Amino acid sequence: MNLHSRPARTAVRRAAQAVAALGAATLLLTACGTDSDSGKSSGDKAGKADSASSATRTVKDATGKAVEIPAEPKRIVTLTQEDLDAVLALDIKPVGITNGQGLDKPPAYLADKVEGINVVGNLLQPVMDKVVAAKPDLILAGDMQDEQVLKQLREITPATLVTMAPTDDWKLFFRGVGNAVNKLDAANKFITDHEAAAKAAGEKLGKNKGAEVSIVRWNPDGPSWMENKQFASGVALEMGLKRPKSQDKDGNAHTPSLSLEKINEIDGDWLFLSTLTSDGEKALKDVQSKPAYKELGAVKNSQAVTVDGSVWSTRGGPLAADVVLADYVKALSAK
């Protein structure tokens, strides 16, 4: 199985599993400034009136690496849409961002919030000259595992954080980012509010309360369904929805692409379908005319719903979680 939806780096990801237990949790646990608990610089200890901009804190990133960062970062560059999602949810506007997953532009669900912000590259593929031009005092590098790229980023600013370990869910990751930007309380409140909203929404679904939802990404070579800890699956479970028996697996990945002979595995009371590429979109359109697809129960009952893969098929974030929740409510409340 492939983890989540990143570009193929399977061997590297497996090696990274050894440090996954550290995860963003380590980023949460260490938040000491150069003046111990106060987060002020050593000059303050000596009674010197350093400006607030020189104050620093030390946090551990998702790999367990201790990193000194500004106590109040002002110029943040994000290298994944998850990092971008997280800082926007905390009312922070970054100075540089990357394009969305599988896209040549920022993700549509964040478009109105990033207008005018410079794009410094594609997902986890920053153009270094553009990063330099952004003059960052903090770089949020997502699940970047390319040590050569990390070295280059740290030459731009040592305050470069790997914010996600391979198995971190969006809430753990979001809390880590919240801590890094000194807004952990706000991150925790967002999560609490989201969980309450999801539970309340699930209670109001009428005959679809507790329905089985199949969550599928259509690839050029066939469909993959998502395990229970994958992002969009987690939102469904928060709402009290269930997964079809064939998909009730306690993992955070998606299956290899299935052949048409196994297409019954993607059936459920409701079928939520997404794509990430134009080839995947074409493959889905092609299969929708085939008898095997038309015989799916969800299809025959007009309960197959197309959703945005750049939201649903990612590792997720706080704003994306609210989008997925709204998509479930819109579909399941309609019938």
Side-chain angles (χ1 to χ4, degrees), residues 1-14 16-18 20-21 23-24 62 80-82 101-102 142-143 164-174 191 194-195 198 202 210-259 261-276 280 284 296-298 304-318 320-321 323-325 327-328 331-332:
M1 287 187 184
N2 298 321
L3 278 176
H4 310 290
S5 317
R6 292 289 187 229
R9 298 193 303 273
T10 305
V12 178
R13 283 206 181 284
R14 288 175 179 168
Q17 296 286 347
T80 69
Q81 74 179 53
E82 291 88 358
Q101 184 166 314
D143 54 346
M164 288 178 274
T167 57
D168 288 347
D169 64 20
W170 75 265
K171 295 175 186 177
L172 182 59
F173 146 75
F174 183 40
I191 291 169
H194 165 81
E195 290 173 342
E212 289 186 354
V213 294
S214 173
I215 305 167
V216 174
R217 186 178 80 191
W218 212 282
N219 308 304
D221 52 352
S224 297
W225 53 261
M226 308 300 179
E227 295 176 334
N228 283 338
K229 290 182 180 178
Q230 187 272 346
F231 166 56
S233 305
V235 178
L237 297 178
E238 289 174 333
M239 297 176 69
L241 299 171
K242 299 180 178 66
R243 303 300 306 284
K245 186 175 181 180
S246 63
Q247 297 180 22
D248 192 16
K249 307 296 182 185
D250 194 25
N252 66 340
H254 56 78
T255 65
S257 297
L258 303 172
S259 65
E261 287 72 21
K262 294 185 177 181
I263 198 172
N264 62 302
E265 288 188 25
I266 72 167
D267 207 357
D269 296 337
W270 286 82
L271 174 57
F272 290 86
L273 294 164
S274 67
T275 60
L276 268 177
L284 174 58
L296 293 173
V305 182
T306 301
V307 291
D308 184 354
S310 69
V311 180
W312 281 64
S313 293
T314 66
R315 296 189 64 170
V323 171
V324 171
L325 172 58
D327 287 344
Y328 280 128
L332 299 175

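The structure displayed is predicted, hence computed values, not measured ones. Sequential numbering from 1 along the given sequence is applied to the chain's residues.
Between the side chains of Ser224 and Asn219, at least one donor-acceptor pair of N or O atoms lies under 3.5 Å.
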Q. Stepwise, does the side-chain contact (heavy atoms from CB on, under 4.5 Å) test hold for Asp169 with Lys229?
A. CA-CA 8 Å; Asp169 64 20; Lys229 290 182 180 178; over 6 Å; no
Q | Chi angles and distances behind the side-chain contact (heavy atoms from CB on, under 4.5 Å) call for Tyr328, Phe272 | A | CA-CA 9 Å; Tyr328 280 128; Phe272 290 86; 3.7 Å; yes
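When side chains are defined from C-beta on, Thr306 does not count as touching Trp218, because their heavy atoms never get closer than 4.5 Å. Val235 places a side-chain heavy atom less than 4.5 Å from the side chain of Glu238. Arg243 is listed as a side-chain neighbour of Val213, based on a closest heavy-atom distance under 4.5 Å. Looking at Asn252 and Thr167, their side chains come closer than 4.5 Å, going by heavy atoms from C-beta outward. Side-chain contact check for Leu241 versus Leu332: some heavy-atom pair is nearer than 4.5 Å. A heavy-atom distance below 4.5 Å is found between the side chains of Met164 and Thr80. Side chains of Ile263 and Leu258 form no contact here, defined as non-hydrogen atoms less than 4.5 Å apart.
In plain terms, the two heavy atoms of Ala298 and Asp269 that are nearest each other are CB-O, 4.0 Å. Across all non-hydrogen atoms, the minimal contact from Leu325 to Met239 is CD1-SD, 3.5 Å. Among all heavy-atom pairs drawn from Gly316 and Phe173, the shortest one is O-CE2, 4.3 Å. Heavy atoms only, all atoms of each residue included: Met226 and Ser233 are closest at CB-OG, 3.6 Å. Val305 approaches Ala331 most closely through the heavy-atom pair CG2-CB, 4.0 Å. Among all heavy-atom pairs drawn from Trp312 and Ala232, the shortest one is CE3-CB, 3.5 Å.
Checked by atom type and distance alone, the side chain of Gln81 pairs as donor or acceptor with a backbone atom of Ser310 at under 3.5 Å. In this structure, Arg315 contributes its side chain and Asp168 its backbone to a donor-acceptor pair below 3.5 Å.
We find the CZ-NZ distance between Phe231 and Lys171 to be 10.0 Å, quoted to the nearest 0.5 Å. Note that OG of Ser214 and CG of Leu271 are 5.0 Å apart. Values are rounded to the nearest 0.5 Å. Interatomic distance, Gln230 CD to Thr255 OG1, rounded to the nearest 0.5 Å: 11.0 Å. For the atom pair OG (Ser246) and CG (Asp267), the distance works out to 8.5 Å, reported to the nearest 0.5 Å. Considering CG of Asp308 and CG of Asp327, their distance stands at 8.0 Å, rounded to 0.5 Å.
The side-chain hydrogen bond (donor to acceptor under 3.5 Å, both in side chains) with Trp225 is formed by just one residue from the set Gln247, Glu265, His254; it is Glu265.
Using cut-offs of 30° and 60° for the angle between ring planes, the Trp170 and His194 rings count as perpendicular.
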